[in-house]
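Everything on this sheet refers to the single structure shown next.
Since the structure is predicted, the reported quantities are computational estimates derived from the model, not experimental observations. Any value given below was found using the heavy atoms of this structure, including those in side chains, with hydrogens, waters and symmetry copies removed.
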Amino acid sequence: MPVLGLPRTVWWLVLARAINRLGAFSMAFLTVLVTAGFGADTVTAGLISAAFGLATIPSRLLGGILADRFGRRRTIVAGLAGCALAQAGIAMSGSVAMVAVFAVLLGLAFEIYEPPSQAMVADAVRLERRAQAFSLFNTALAVGGMGAGLIAAGLGRWDLRWLFVVDAVTCLACAVVIRLVLPADSPARRAADLPVDRPADRPAQRLVRRVFAPLRAEVAGAEARAVWRDRSLLVLLVSGTFFALIYMQVMMALPLALTRRGLEAADAGLLSTLSAVVMVLCQPLLRRTATTLSHHAATACGYLLLAAGLAGYAVADGLPGHLAATVVWSVGDVLMFGRSYALVSDIAPEHARGRYLSVFGTSWGIATVVAPLCSTQLIDRAGPVGLWSALACTCLLLAAAQLTVIRPLLDRSAAGTVPAARSPER
């Protein structure tokens with residue numbers, strides 16, 4: 001039975017996402033654990049964090065493949081369980097090398113649950129409500145992050161290892177919620193996809209064959225190549241990467257930019273909390289605009305509000321100015337965030353929806369690696385004014401590109417030859 005126009009499945013996924021986000025604060029302290037806990041230098045700590053970020057890119061792709069091959073719920077539970085084991089491994093590590101190994105393993109499991117959860121939302125929600133549902137997902141992250149900051153502030157003063165223990169527990173709690181309350185999987189798998197068991201195989205060998213044989217076929221198969229050849233998806237991937245770069249630079253550079261202005265780095269937590277509150281309050285606005293604005297118009301308006309908020313950061317001297325600017329760009333974020341995932345869900349065939357969403361989601365992995373490099377260089381060379389001004393100008397260019405470049409490209413692609421992944425024969 002729907003609640004506020006959305007199926008209960010979506011609300012359970014939102015709750016599970018908030019629970020998981022409540023504990024997903026430990027990775028921000030990984031570099032501190034490596035340097036303070038093991039005496040390593042900052043370069044080593046940075047390399048370990050970068051290795052984690054790089055590992056999240058194939059993690060997204062793996063999540064999409066598993067979601068379409070083995071089912072949404074199974075993949076979500078497996079990904080969360082993998083995260084819990086890796087987090088526990090970091091907490092129990094006795095050397096920098098062990099931390100590095102478990103950090104990479106965590107990266108490989110970290111994004112697995114994203115594509116199937118997004119695909120499950122797209123499966124359950126009508127086309128005209130998908131943007132609202134995906135935006136609600138973003139709000140769950142923000143609300144969970146508010147509580148995560150309080151937990152981190154308490155446990156971080158005691159022992160950093162406990163941060164990873166609590167994160168592992170929340171991952172398991174999230175997996176339990178998903179397993180108990182969401183509908184069971186009924187994946188449509190072709191007989192040709194199933195590996196043939198050999199009589200001499202041991203149970204462990206059969207398990208490995210059943211997991212990895214379909215993955216090898218997927219990577220080498222024509223269907224996988226067709227996903228990457230879908231011009232509409234590639235256009236959305238490029239535009240989504242630019243948005244992710246802006247968003248991640250704001251999140252990563254804000255504490256440093258505040259200290260350059262003579263404010264406290266901890267004020268970034270206050271601004272993040274305000275942003276979460278704005279996102280919650282703006283959900284009714286999103287419901288009203290869902291039917292009055294097209295995806296492209298809403299995205300362009302979102303970029304304009306984001307540009308105005310970042311320009312506000314550029315001219316703000318004290319905390320009140322930063323608070324006002326945060327309200328402005330947060331409203332723009334609400335208008336934009338769910339739209340891109342809704343567009344990807346719309347163009348994807350049902351049987352490949354997980355893979356489409358996983359390919360699009362690699363934009364965040366790319367941004368996680370590139371954003372800190374760009375933001376630190378901009379702050380060092382141009383200061384906070386230069387950083388925020390450059391990002392605001394980029395938003396203005398993206399708003400114009402959304403209407404003059406991206407929309408025509410998507411329209412031409414839709415009017416042209418149907419990609420192989422969406423052909424009627426399949």
Side-chain angles (χ1 to χ4, degrees), residues 19-63 66 75-114 144-145 147-176 204-205 207-208 211-212 248 251-252 255-256 265-266 269 364-365 368-369 371-373 376:
I19 293 172
N20 188 49
R21 174 59 175 166
L22 193 64
F25 49 79
S26 58
M27 288 311 298
F29 296 87
L30 179 62
T31 55
V32 181
L33 176 66
V34 172
T35 55
F38 296 97
D41 55 41
T42 55
V43 174
T44 301
L47 289 174
I48 293 175
S49 295
F52 164 80
L54 286 173
T56 63
I57 297 177
S59 176
R60 282 259 187 176
L61 298 175
L62 179 62
L66 292 175
T75 303
I76 295 173
V77 172
L80 291 171
C83 285
L85 291 174
Q87 292 278 8
I90 292 176
M92 294 185 294
S93 293
S95 65
V96 174
M98 287 183 66
V99 171
V101 170
F102 281 112
V104 172
L105 292 176
L106 178 61
L108 291 173
F110 198 75
E111 300 285 356
I112 285 178
Y113 86 105
E114 284 283 351
L150 298 176
I151 296 174
L155 290 177
R157 289 180 172 84
W158 182 22
D159 189 335
L160 289 176
R161 291 178 183 268
W162 280 104
L163 296 176
F164 295 90
V165 173
V166 173
D167 201 353
V169 171
T170 59
C171 284
L172 289 178
C174 184
V176 170
Q205 291 175 310
L207 177 62
V208 170
V211 172
F212 288 101
M248 293 301 296
M251 296 298 101
M252 293 179 175
L256 182 58
W364 291 96
T368 301
V369 177
L373 303 176
T376 52

>> On a heavy-atom basis, which atom in Gly82 and which in Ala109 lie closest, and how many Å separate them?
In response: C-CB, 3.9 Å

> Between Cys83 and Cys171, which heavy-atom pair has the shortest distance, and what is it?
Replying inline: CB-SG, 3.8 Å

> In chain order, what residues pass the side-chain contact (heavy atoms from CB on, under 4.5 Å) check against Ala55, with sequence neighbours excluded?
Replying inline: Val104, Leu108

> Quick one: side-chain hydrogen bond (donor to acceptor under 3.5 Å, both in side chains) pairs with a partner in residues 98-112, sequence neighbours left out?
Replying inline: Arg60-Glu111

>> Can you list everything that forms a side-chain contact (heavy atoms from CB on, under 4.5 Å) with Leu61? Sequence neighbours excluded, please.
In response: Trp228, Ser358, Val359, Thr362

>> If I compare all heavy atoms of Phe52 with all of Leu106, which pair ends up nearest, and what's the gap?
In response: CE1-CG, 3.9 Å

> In chain order, what residues pass the side-chain contact (heavy atoms from CB on, under 4.5 Å) check against Val165, with sequence neighbours excluded?
Replying inline: Ala91, Trp162

>> Could you report the tightest heavy-atom contact between Ser59 and Gly107, atom names first, then the distance?
In response: CB-O, 3.1 Å

>> Applying side-chain hydrogen bond (donor to acceptor under 3.5 Å, both in side chains) as the test, list every pair that has at least one member in residues 91-110; sequence neighbours left out.
In response: none

> Between Ile90 and Asp167, does a side chain to side chain contact (heavy atoms under 4.5 Å, CB included) hold up when you go through it step by step?
Replying inline: CA-CA 11 Å; Ile90 292 176; Asp167 201 353; over 6 Å; no

>> When you compare the side chain of Glu114 with that of Trp364, does any pair of heavy atoms fall below 4.5 Å?
In response: no

> Hey, are the side chains of Leu80 and Ile112 touching, using non-hydrogen atoms and a 4.5 Å cut-off?
Replying inline: no

> Should we say atom CE of Met98 is surrounded by more than 12 heavy atoms from elsewhere, each under 6.0 Å from it?
Replying inline: yes

>> Quick check: closest heavy atoms across Ala86 and Leu105, and the distance to 0.1 Å?
In response: CB-C, 4.2 Å

